[in-house]
Amino acid sequence: MLSLALLTLKARKGGFVGTFVALLLGAAVLSACGILLESGIRAGSSAERYAAADVVVAGRQEVELTFKDLDGSTVKESQPLPERVPLRASSADRITGVDGAEKVITDVEAPVRLVTGVGRPVPGHHGAGVEAHNWSSLGLGDFRLTIGHAPRAAGEIVLDTEVAAQADVRPGDDIRMMSTSVPRTFQVAGLVALKDGGAPRRSVVFLADATLRQSVPEASVQAFGVLAAPGVSPHRLADAIRSTLHDDTLAVHTGEGRGRAEFLDVTVSGSNLVVLAAAIGGNVLLVAVFVLYATTSLSIRHRRREIALLRAIGTTPGQIRRMVAAEAAATGLLAGAVGCPAGLLLVYWLRDRFAGHGIVPSDFALALSPLPFLAAVLVTVLTALVAVLSAAHRATRIRPTEALGEAAVETPGLGRGRRITGGVLLVLSAGIFVTGLVQDADFFTLVGLANSLVLVLVVAVAVLGPLVSRTAVGLLAPLLNRTGVTGYLAAANTRANVARLAGAITPLVLAVSFSSTVVFAQTTGLRESADQLRAGLVADHVLTAPSGVSPELAQKVRDMKQVASATGLVRSKVVAMGRMLGAQESVSLSAQGVDPRALGSALDLRPREGNMKALSRDTVAISTTTASWLGLGVGDTAGLHLGDGTPLRAKVVAVYERGFGFTDVTMDHDLLLAHTTGKVDESVLVRSAPSAPDLTQALSHLAAAYPGTVLRDGLAVDDQLAEQRANAWVNYLVVGVIIAYTAITVVNTLAMSTAARRREFALLRLSGTARGQVVGMMRRESVIVIAAGVGIGTLLSAFPLVLVSMAVSGTPVPAVPGLGYLAIAGATAALAAAGTMLPTRMLLRIRPVEAIGAKE
């Protein structure tokens with residue numbers, strides 16, 4: 001069977017091109033997603049400040065929640081923590097007593113901002129912030145003093161050479177540093193650099209240990225670096241430390257793990273990358289199955305005579321299945337081998353795009369190993385096998401005595417099994433849609449129902465393809481009959497070949513329905529978020545800064561006579577236990593901290609119930625979406641973990657409606673601020689008093705004392721929606737893959753169908769039909785395919801989009817930009833037209849007498 005399969009591939013190269021290209025694209029995307037997945041799991045960067053430490057003890061940057069699954073089993077699930085987990089300084093004493101630990105060095109850190117003497121902010125490496133560390137921690141890393149001396153006096157500071165160049169200072173010069181207060185002047189005592197001469201990944205400054213704690217009170221212990229005694233291996237020492245500490249909130253790192261302990265942004269983005277890679281890969285695999293089934297079904301249908309002849313001479317169904325399986329395996333193996341190098345190029349392009357949207361740092365390193373490529377090849381081969389065996393099931397079951405007769409004509413109608421399956425899927429779709437409409441379901445349940453609905457509807461159309469095609473022809477054919485001879489021929493052909501038509505319509509339906517659902521679900525969410533932002537921000541002025549606003553600025557603004565109310569706005573995330581479709585799961589929620597006194601005056605979240613001004617250090621307010629997801633209401637107690645892992649049990653005092661525009665959870669400003677890494681506000685919202693002369697000038701003068709702070713009339717909507725737009729871009733990427741797959745399927749399907757009709761074209765031309773009339777006939781047939789595919793795909797996407805819109809805005813009307821819909825429909829139509837008309841024109845170049853005598 002293998003030799004026969006290879007001979008078939010050699011003789012029918014054109015028939016396998018579409019399948020090969022689809023598998024190649026799948027292998028490329030899957031290998032790229034595999035690399036991203038592995039990179040997210042192994043996320044890290046070479047240690048710099050901890051390069052000399054044998055073991056690093058830091059906070060565990062994830063929280064683990066335990067809950068019951070639907071079947072009653074206990075499930076543990078982890079969520080990454082975006083804020084640095086704080087450490088107790090007293091832990092150093094316990095680590096010092098561990099057998100094998102020679103020396104323990106405490107690393108104290110605080111985010112700071114540098115300002116030149118003329119008031120110019122100094123950006124850190126790659127535009128990131130600057131970190132201040134205690135001088136004694138220098139011994140943990142690769143830094144060395146290149147010029148000057150260590151900071152000895154209270155007013156001395158040591159900079160790394162790159163940030164010193166940015167600030168244009170050298171030892172003996174002055175530079176100002178600010179954290180959560182106004183800048184303070186320091187004298188540059190010396191410069192440090194990495195031993196290899198390269199630029200550090202994060203810009204750093206060093207202060208004397210006592211100076212750091214006095215000048216930056218919010219500085220906290222970031223990690224403990226442990227030097228092993230002679231003859232003690234790092235792994236042995238790490239095991240001993242774990243046994244001694246026995247603390248689930250701490251993580252003990254060696255080797256590459258030291259870099260993960262040092263760079264929080266890499267660790268957090270790695271966790272996000274795992275989720276994104278899995279989502280993209282899952283969608284691609286789902287679409288690939290649909291695409292390959294359609295492609296291989298067409299290929300098998302065009303080989304009915306060949307299979308019938310094999311059955312007639314005694315070939316068993318098992319032998320035929322082994323033959324087509326061998327063909328699929330060979331095609332999949334070759335496509336995987338060629339697609340994996342393309343995936344390597346794709347993954348670097350994706351990494352750059354992710355960095356551009358702030359999903360990962362710009363210098364995020366990819367982890368390369370053979371595992372993602374081997375997995376991609378294996379999945380590609382298995383997908384090809386599943387698709388071809390499913391498509392060949394019916395062709396291999398016909399009896400030898402009926403084989404040639406059945407192969408001569410296309411079997412009309414649907415089998416009983418397909419009718420029953422299609423009917424069940426349609427009933428299930430109706431049930432899902434009605435459930436979403438009539439029940440008071442929560443947001444995530446509605447979104448989950450919408451995602452399930454579009455999938456079930458597309459599968460139903462694929463199963464009932466010939467019936468759907470016959471219905472479309474019944475509606476459109478009468479219109480074609482009125483367009484002359486070519487219209488009559490087109491209508492007659494489509495009526496006689498509904499199965500062939502279904503193979504062309506199904507991928508169009510897939511493309512339009514999936515793309516429309518994904519894209520317009522995003523536009524609906526973004527529209528609602530933007531509307532809520534504009535309506536909810538009632539402040540007259542907003543103070544912002546690229547690296548954050550000092551919290552004391554809000555208090556100074558609040559004390560101004562021209563100001564009615566003001567609040568600092570700090571953002572973070574919290575982790576909670578949610579419920580979706582009856583199953584519990586851990587969820588990460590956006591959170592904001594505000595002054596309760598400013599709610600309603602500077603910020604209006606539109607409370608539905610409860611009292612927003614009752615916010616305190618042990619109470620929270622939640623959005624309507626969060627309330628439905630967590631199953632909480634006013635008076636209930638919410639079990640949360642703050643961004644640094646600190647557990648919080650808080651009473652829910654209010655439920656508000658504008659969660660899409662702002663955040664899922666709102667809490668007391670000082671409470672949330674204390675559990676962030678930077679300890680700074682994102683902005684300050686100001687509402688002026690009824691008569692506030694010269695407020696703008698007064699605010700500008702006050703902001704000047706905090707270099708980098710700027711005054712605006714309102715929050716920039718695009719900036720506030722940056723995270724949502726980044727998530728939308730990921731979904732648009734999935735749509736792009738769907739369109740690419742559809743291009744392969746549509747062009748291949750229609751090209752193969754058209755190529756199989758060369759004898760028909762030759763007969764028409766020999767009987768007197770003009771070349772232009774044949775082209776006109778095919779043009780009208782493509783109109784039926786396009787109208788049916790785009791129309792049905794649009795109809796199918798309408799139902800899930802209604803559920804999404806109900807979940808987001810409470811109205812059944814989604815946000816569907818006209819240009820966006822035209823782009824999806826137009827691209828799909830152009831592909832269908834090209835797949836039909838280009839092969840038609842090529843076939844018409846062949847002389848009719850040659851075409852009608854050509855072998856099949």
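- Considering every non-hydrogen atom in both Ala223 and Ala58, the closest pair reads CB-CB, 4.2 Å.
- Atom OG of Ser565 is separated from atom CZ of Arg597 by 9.5 Å, given to the nearest 0.5 angstrom.
- By the 30° and 60° cut-offs, the orientation of the rings of Phe433 relative to Phe799 is perpendicular.
- For the pair Leu81 and Gly643, the tightest heavy-atom approach, listed with the atom from each and the gap, is CB-O, 3.3 Å.
- Distance alone, capped at 3.5 Å, is enough to place a donor-acceptor pair between the Asp668 side chain and the Leu671 backbone.
- Formation of a donor-acceptor pair under 3.5 Å by the Thr666 side chain with backbone atoms of Gln592 is not found in this model.
- Across all their heavy atoms, Pro123 and Gln166 have their closest contact at CG-OE1, 4.1 Å.
- Ser529 places no side-chain N or O within 3.5 Å of a backbone atom of Leu526 that could act as its donor or acceptor partner.
- Checked by atom type and distance alone, the side chain of Thr524 pairs as donor or acceptor with a backbone atom of Ala815 at under 3.5 Å.
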Side chain to side chain contact (heavy atoms under 4.5 Å, CB included) between Leu569 and Val594, intermediate numbers included: CA-CA 5 Å; Leu569 182 66; Val594 297; 3.5 Å; yes
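- Summarising the local packing, CZ of Arg88 is surrounded by 12 or fewer heavy atoms from other residues, nucleotides or ligands at distances under 6.0 Å.
- When atom types are taken as modelled, the side chain of Asp664 and the backbone of Ser590 share a donor-acceptor pair closer than 3.5 angstrom.
- Closest approach of Val122 and Ala167 over heavy atoms only: CG2-CB, 3.7 Å.
- A 4.5 Å side-chain heavy-atom check between Ser550 and Arg113 finds at least one atom pair inside the cut-off.
- Counting heavy atoms from C-beta on, the side chains of His669 and Val570 come closer than 4.5 Å.
- Closest approach of Met612 and Leu599 over heavy atoms only: O-CD1, 3.6 Å.
- Ser805 places a side-chain N or O within 3.5 Å of a backbone atom of Thr811 that can act as its donor or acceptor partner.
- Expressed to the nearest 0.5 Å, how far NE2 of His133 lies from CD of Glu109 amounts to 5.0 Å.
- The shortest distance between side-chain heavy atoms of Arg213 and Val108 falls below 4.5 Å.
- In this structure, Thr267 and Pro80 have side chains that are not in contact, with every pair of non-hydrogen atoms separated by 4.5 Å or more.
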Step-by-step side chain to side chain contact (heavy atoms under 4.5 Å, CB included) determination, Ser572 to His675: CA-CA 9 Å; Ser572 183; His675 296 278; over 6 Å; no
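- The shortest distance between side-chain heavy atoms of Met560 and Leu695 falls below 4.5 Å.
- Taking the side chain as every heavy atom from C-beta outward, Met667 and Leu642 approach each other to under 4.5 Å.
- Within the model, atoms OG1 of Thr625 and CG of Leu589 stand 10.5 Å from one another, a figure rounded to the nearest 0.5 Å.
- Checked by atom type and distance alone, the side chain of Arg687 never pairs as donor or acceptor with a backbone atom of Ala564 at under 3.5 Å.
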Audit row: Phe186, Leu207, side chain to side chain contact (heavy atoms under 4.5 Å, CB included) steps and yes/no: CA-CA 10 Å; Phe186 288 83; Leu207 302 172; 4.0 Å; yes
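- In this structure, OG1 on Thr624 lies 11.5 Å from CZ on Arg658, to the nearest 0.5 angstrom.
- Rounding to the nearest 0.5 angstrom, the gap separating the OG atom in Ser623 from the CZ atom in Arg608 is 10.0 Å.
- Here the side chains of Leu603 and Leu605 are in contact, with some heavy-atom distance below 4.5 Å.
- Within the model, atoms OG1 of Thr249 and CD of Glu62 stand 12.0 Å from one another, a figure rounded to the nearest 0.5 Å.
- At least one donor-acceptor pair under 3.5 Å links the side chain of Thr567 to the backbone N or O of Asp595.
- For the residue pair Gln79 / Ser588, no side-chain donor-acceptor distance below 3.5 Å is found, with atom types taken as modelled.
- Closest non-hydrogen pair, Leu632 versus Thr637, comes out as CD2-O, 3.9 Å.
- Using a 4.5 Å heavy-atom threshold, the side chains of Glu83 and Lys573 count as separate.
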Steps toward side chain to side chain contact (heavy atoms under 4.5 Å, CB included) verdict (Phe364, Leu273): CA-CA 11 Å; Phe364 187 86; Leu273 200 59; 3.6 Å; yes
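- In this structure a side-chain-to-backbone donor-acceptor pair under 3.5 Å is missing from Arg176 to Pro183.
- Side-chain contact check for Arg184 and Ser215: at least one donor-acceptor pair (N or O, by modelled atom type) lies under 3.5 Å.
- Side chain to side chain, His541 and Thr696 meet the donor-acceptor criterion of an N or O pair below 3.5 Å.
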